[in-house]
Amino acid sequence: MEQKGRRLLLMPSPLQGHVTPMLQLAHTLHSNGFSITVIYTSSFTHPHLSSSYPNFTFLSISDALSELEASTSASDPVHLTRLLNVRCVEPLKQCLVTLLKNDDRVACFIADAALHFTQSVCDGFKLPRLVLRTGGASSFLVFASFPLLREKGYLPVQESQLEEPVVELPPLKVKDLPKIETRDPEAFYEFVVQFVDECKASSGVIWNSFEELESSALAKLRQLFSIPIYPIGPFHKHFPEGSTSSSLLTPDTSCISWLDTQEHNSVVYVSFGSIASITKAEFLEIAWGLANSMQPFLWVVRPGLIRGSEWLEPLPSRFMENLGGRGYIVKWAPQEQVLAHVAVGAFWTHNGWNSTLESICEGVPMICSPCFADQKVNAKYVSDVWRVGVKLENKLDREEIEKTIRKVMVGDEGKAIRDNVLDLKEKAKISLKEGGSSYSSLDGLVTDILSLKS
Ligand code: UDX
């Protein structure tokens with residue numbers, strides 16, 4: 001096909017779990033011959049990203065957030081995203097006027113699904129818009145079913161119905177439906193409906209997933225949507241480990257030397273991603289559960305993870321010293337490298353989609369503590385559909401934590417889970433090879449982009 005070297009304009013949502021897959025997608029499309037411009041919003045500048053991706057052009061547009069809005073919004077991603085969908089309309093229009101005047105090679109705009117305002121802006125310029133959905137297809141199907149779920153009385157979720165099955169979306173129960181802490185729950189519902197509608201209005205949706213993992217959800221989405229669906233993931237496996245970095249925080253690589261001293265498959269890696277937070281009481285249950293499990297552990301305690309604490313203040317004095325080197329705590333880990341390390345035997349995760357996929361790709365069994373948004377759906381699939389992990393069902397409790405860690409690290413159930421995840425790891429690998437499902441889908445995406453009319 002002619003005319004590679006055409007330019008793509010990409011706009012990520014400014015949160016870690018969204019920036020990473022967008023830049024990985026950009027990297028893959030750049031390797032396929034496209035020039036890349038990344039448009040980001042002014043409150044979330046990350047100058048080091050431009051040095052990690054020297055071949056990309058980075059452009060900032062104003063988001064007009066006050067310092068207070070930008071800082072509090074990070075703990076309420078729905079509120080943040082709603083503000084961006086309003087405040088960035090005019091700045092994006094101005095940016096596109098200049099960009100399109102100076103470059104006639106722009107093929108299309110690729111936006112994070114959460115930035116739904118970009119559809120009408122692109123329509124105004126007759127610029128085709130593709131969407132990147134950074135979460136999985138199975139959870140997206142749930143979001144796309146929100147009007148139905150409300151009509152049938154599953155939403156808003158009632159405490160008394162938590163154990164009831166959602167018959168329209170097996171195997172989910174009401175307790176697995178997406179939930180989020182936000183100042184206005186109705187706004188979450190409206191936001192979801194809107195971002196799904198604007199996905200349908202786009203020229204196609206790209207997924208960081210692969211056919212063999214989510215075939216059923218992808219098939220249903222193909223029925224519901226009349227636009228192309230491109231599952232081309234896992235994104236981070238399109239190129240060699242370590243060839244790019246899109247971490248917004250600096251990873252503490254000293255944990256790799258510590259992992260080097262541990263036995264194969266012995267370490268529990270614990271991380272709840274970039275947004276989730278816990279109470280001091282939950283933090284202490286986790287600490288004691290890990291200590292009592294007698295397994296070595298590597299724990300990411302991000303500053304801000306514990307509500308009301310700077311960092312590790314709630315930990316009893318000499319807690320780590322008393323473990324005699326059996327535990328290691330960092331503020332931020334090089335997660336892909338950690339999961340790929342032979343010493344890691346399980347990942348205790350909040351089931352953000354990136355973490356879930358990264359664990360599958362390294363064949364690491366999961367312990368699931370989902371917090372919000374798509375995470376509960378992801379955790380249900382991990383435990384009940386793919387059977388590559390177990391859920392910590394009740395509130396965080398040290399005895400249950402200890403029992404669950406044992407279940408995954410030793411015993412027959414743990415062995416079965418490990419076999420299943422290794423099987424999925426292999427399927428992910430095959431999907432990216434020539435002739436594989438993601439490989440072919442990426443081929444289709446590149447061809448389709450080149451034939452889009454702007
Ligand atoms: C958010 C939502 O929570 C998630 O549900 C949604 O699917 C994507 O956006 P987040 O909570 O940060 O993301 O979780 P996740 O999707 O797992 O992304 C976290 C990313 O940060 C991963 O790519 C992970 O590798 C990286 N990470 C995490 C590190 O590099 N180091 C760490 O110490 C922890």
Side-chain angles (χ1 to χ4, degrees), residues 12-25 46 49 52 74-78 80-81 112-115 132-140 142-143 176 178-182 188 192 195 207-209 214 233-237 241-242 244-256 259 269-278 297-305 328-341 344 347-362 364 366 368-382:
S13 163
L15 303 165
Q16 179 73 73
H18 295 250
V19 169
T20 298
M22 184 63 92
L23 290 177
Q24 289 167 342
L25 171 67
H46 296 289
L49 286 182
S52 298
S75 56
D76 186 347
V78 172
L80 166 69
T81 313
D112 188 293
L115 301 178
L132 166 62
R133 176 57 193 159
T134 55
S138 309
S139 62
F140 188 85
V142 180
F143 287 126
D176 303 314
K179 199 178 98 188
I180 203 152
E181 293 298 324
T182 179
F188 176 53
V192 166
F195 92 66
W207 256 281
N208 186 10
S209 187
E214 298 195 279
F235 289 179
H236 67 293
K237 290 293 179 184
E241 190 195 311
T244 63
S245 165
S246 45
S247 194
L248 304 180
L249 300 170
T250 308
D252 180 346
T253 51
S254 67
C255 60
I256 300 296
L259 284 174
Y269 169 59
V270 190
S271 168
F272 299 144
S274 64
I275 304 172
S277 61
I278 54 175
F297 62 88
L298 168 59
W299 186 7
V300 178
V301 181
R302 208 186 67 238
L305 173 72
Y328 202 85
I329 293 181
V330 291
K331 291 183 174 166
W332 192 249
Q335 182 161 300
E336 283 175 39
Q337 216 183 329
V338 166
L339 288 169
H341 199 286
V344 172
F347 181 12
W348 182 2
T349 170
H350 71 314
N351 287 116
W353 184 246
N354 296 291
S355 294
T356 304
L357 213 50
E358 288 160 14
S359 205
I360 287 173
C361 287
E362 301 308 336
V364 178
M366 283 169 261
C368 308
S369 286
C371 302
F372 62 87
D374 56 337
Q375 297 158 14
K376 285 173 192 281
V377 179
N378 301 339
K380 182 71 172 178
Y381 274 75
V382 165

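Side chains are part of it too, since the values below use all heavy atoms of this structure and drop only hydrogens, waters and symmetry mates. The shown structure was predicted, so the numbers you read here are calculated from the model rather than taken from an experiment. Each ligand, and each atom within it, is numbered from 1 in the order the structure gives.
Any N or O atom pair closer than 3.5 Å counts here, and D374 shares at least one such pair with ligand 1. Here's the thing with S247: none of its N/O atoms is less than 3.5 angstrom from an N/O atom of ligand 1. Between N351 and ligand 1, not a single N/O pair is under 3.5 Å apart. For S355, a nitrogen or oxygen atom sits less than 3.5 Å from a nitrogen or oxygen atom of ligand 1, counting backbone and side chain alike.
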**Asked** How far apart are the C-alpha atoms of S247 and W332, what are their side-chain angles, what is the distance that settles it, and do they pass the side chain to side chain donor-acceptor pair (under 3.5 Å) test?
**Response** CA-CA 9 Å; S247 194; W332 192 249; 2.7 Å; yes
Could you please spell out the steps behind the side chain to side chain donor-acceptor pair (under 3.5 Å) verdict for H18 and T134? CA-CA 6 Å; H18 295 250; T134 55; 3.3 Å; yes
Exercise for the section: Could you give me the CA-CA distance, side-chain angles and deciding distance for F143 and D374, then say whether side chain to side chain contact (heavy atoms under 4.5 Å, CB included) is met? Expected result: CA-CA 9 Å; F143 287 126; D374 56 337; 4.2 Å; yes
query: Stepwise, does the side chain to side chain contact (heavy atoms under 4.5 Å, CB included) test hold for N208 with L25?
result: CA-CA 9 Å; N208 186 10; L25 171 67; over 6 Å; no
For this session: Check the pair T20, Q16 against side chain to side chain donor-acceptor pair (under 3.5 Å), reporting the backbone distance first and the verdict last.
Result: CA-CA 6 Å; T20 298; Q16 179 73 73; 2.7 Å; yes
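The ring of W348 has its center no closer than 6.0 angstrom to the ring center of F297.
Near S274, with a cut-off below 4.0 Å to any heavy atom, the atoms of ligand 1 are 10 (P), 11 (O), 12 (O). For ligand 1 and G17, the ligand atoms under 4.0 Å from any heavy atom of the residue are 8 (C), 9 (O), 13 (O), 18 (O). Annotation for ligand 1: atoms under 4.0 Å from non-hydrogen atoms of Q16 are 21 (O). Near S271, meaning under 4.0 Å from one of its heavy atoms, ligand 1 places the atoms 34 (C). The atoms of ligand 1 that sit less than 4.0 Å from any heavy atom of H18 are 9 (O). Atoms of ligand 1 found under 4.0 Å from any heavy atom of G352, numbered from 1 in the order shown, are 4 (C), 5 (O), 14 (O), 15 (P), 16 (O), 17 (O). The distance from ligand 1 to the heavy atoms of F372 drops below 4.0 Å at these ligand atoms: 3 (O).
The shortest heavy-atom distance from E336 to ligand 1 is not under 4.0 Å. Residue H350 places a heavy atom under 4.0 Å from ligand 1.
Which of P77, A333, P178 comes nearest to atom 30 (O) of ligand 1 through a heavy atom is settled by distance: it is A333. Closest to atom 25 (O) of ligand 1 by heavy atom, among H236, Q375, K376, E358, is E358.
With hydrogens left out, the protein atom closest to atom 27 (N) of ligand 1 is W332 CZ2, 3.3 Å, a heavy atom. Of the protein's non-hydrogen atoms, the one nearest atom 16 (O) of ligand 1 is N354 ND2, 2.8 Å.
For the atom pair K179 NZ and F372 CZ, the distance stands at 11.5 Å (nearest 0.5 Å). Note: S271 OG to H350 NE2 = 7.0 Å, rounded to the nearest 0.5 Å.
Between E336 and K237, none of the side-chain N atoms (NZ, or NE/NH1/NH2) sits under 4.0 Å from a carboxylate O, so this pair counts as no salt bridge.
Side chain of E362 to main chain of S359: no donor-acceptor pair is present (N/O by atom type, distance under 3.5 Å, no hydrogens or angles).
Checked against Y269 for a side chain to side chain contact (heavy atoms under 4.5 Å, CB included), the options T349, V364, V300 give a single hit: V300.
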